[in-house]
Amino acid sequence: MITDVCTVVVRWTRGSPARILALRDELTSRDFDDPGAWWPELPDVIGGRDRTAGGTWCATRIATGVTALVLNRPQKREADLGAASRGVLPLLGAVHEENWPGHVRLDGMASFLLVLAGPERLVTWDFDGAELATTEHPEGTWVVTSGGPEDRKADRFSAAFSETDYPDGWRRLVSKEPPRDDPGALVVRHEEDGLVYATVFGELIEAARGRLQLEYSRRPWAAESWQALPLD
């Protein structure tokens, strides 16, 4: 499993802070660090750090208020030997924004969806293992997933997230049900062959130029578990 986010909700209005919910589904045995400034060469980039590959699933650049998030996609599940890890993509997106494709070789990479959300735009790039497709999204509230059976989440929850206040209402939606063995659930838990794949992390992000408010939880279905990230 490559580090990724499996459900992203974005509320975007031009000129306003982007408001984001990111739920990360991953093997519970894969270690990671809570959000922080983990990359010395990128001092104003905040994100959780995957300890296996060193990348991230979600990164925000404070100076610009731009957040980039990566989701695995089903078309090409395994990368070719020597290909870049998908965990580098949020870092490249947060720093280079729409110019990120010029800073990585896509040849051989596993498929992905990269989300770029900021005060001025919401855009996604869908890579199927061969071609990269770009979509500019209009203002509104959007739910995107890892694809396949998980696309049921968008059908089930888009209206609820659109009609509910941020962040309290979004937090309530996530905590409405405990983790379930259902790819259409917001928070999941699946056991197979001694391995557990589950929702291991949640983030609520409000980002504008020069300002970041971030809450996170390793048990996002438990409303009392969320905590704010202190920023100097």
Side-chain angles (χ1 to χ4, degrees), residues 1-14 16-26 57-60 66-77 86 89-90 93 110-118 121-129 131-190 197-207 215-217 220-221 223:
M1 299 284 182
I2 303 298
T3 182
D4 82 316
V5 172
C6 285
T7 307
V8 173
V9 184
V10 182
R11 178 170 291 168
W12 177 71
T13 302
R14 190 178 304 278
S16 298
R19 295 176 172 91
I20 301 165
L21 167 69
L23 296 174
R24 182 187 183 211
D25 300 344
E26 183 56 270
W57 56 94
C58 175
T60 302
V66 170
T67 299
L69 313 96
V70 68
L71 300 90
N72 292 354
R73 300 293 277 178
Q75 299 96 330
K76 179 179 168 64
R77 295 189 179 276
R86 288 173 288 198
L89 297 174
S111 52
F112 62 82
L113 183 77
L114 185 68
V115 180
L116 191 73
R121 68 189 313 197
L122 172 61
V123 58
T124 56
W125 289 266
D126 196 342
F127 181 66
D128 63 4
E131 301 293 332
L132 185 68
T134 307
T135 303
E136 293 270 1
H137 297 273
E139 297 179 358
T141 301
W142 297 88
V143 179
V144 294
T145 77
S146 290
E150 292 199 358
D151 277 343
R152 281 179 279 167
K153 296 182 187 183
D155 296 332
R156 290 182 181 180
F157 297 106
S158 287
F161 279 106
S162 296
E163 296 164 1
T164 305
D165 63 301
Y166 173 96
D168 294 338
W170 288 16
R171 197 184 300 109
R172 284 193 297 270
L173 286 173
V174 175
S175 64
K176 197 170 183 179
E177 295 180 338
R180 293 191 292 143
D181 189 1
D182 175 3
L186 280 178
V187 290
V188 301
R189 181 180 175 86
H190 175 71
Y197 183 77
T199 302
V200 297
F201 202 70
E203 294 177 70
L204 284 163
I205 298 166
E206 181 175 279
E215 298 178 46
Y216 65 93
S217 171
W221 59 90

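Classification of D168 and R171 as a salt-bridged pair holds, one side-chain N sitting under 4.0 Å from a carboxylate O. Checked for salt-bridge contact, R172 and D165 meet the test: a charged N lies under 4.0 Å from a carboxylate O.
Counting heavy atoms from C-beta on, the side chains of L116 and W125 come closer than 4.5 Å. Taking the side chain as every heavy atom from C-beta outward, V115 and H137 never approach each other to under 4.5 Å. Side-chain contact check for T135 versus D126: every heavy-atom pair is 4.5 Å or farther apart.
Side chains of K153 and T145: no donor on one and acceptor on the other come within 3.5 Å.
Of all heavy-atom pairs spanning P220 and F201, the tightest one is CG-C, 4.1 Å. Closest non-hydrogen pair, R152 versus P183, comes out as NH2-CG, 3.2 Å. The minimum heavy-atom distance between E203 and C58, with the atom names listed, is OE2-CB, 3.7 Å. The shortest heavy-atom contact between P90 and A59 is O-CB, 3.8 Å.
The aromatic rings of W170 and F161 sit perpendicular, their planes meeting at an angle over 60°, well past the 30° parallel limit.
Expressed to the nearest 0.5 Å, how far CZ of R11 lies from OH of Y166 amounts to 10.0 Å. Atom OG1 of T199 sits about 3.5 Å away from atom CG of D25, to the nearest 0.5 Å. Between atom OG1 of residue T60 and atom CG of residue L69 there is a gap of 7.0 Å, rounded to the nearest 0.5 Å.
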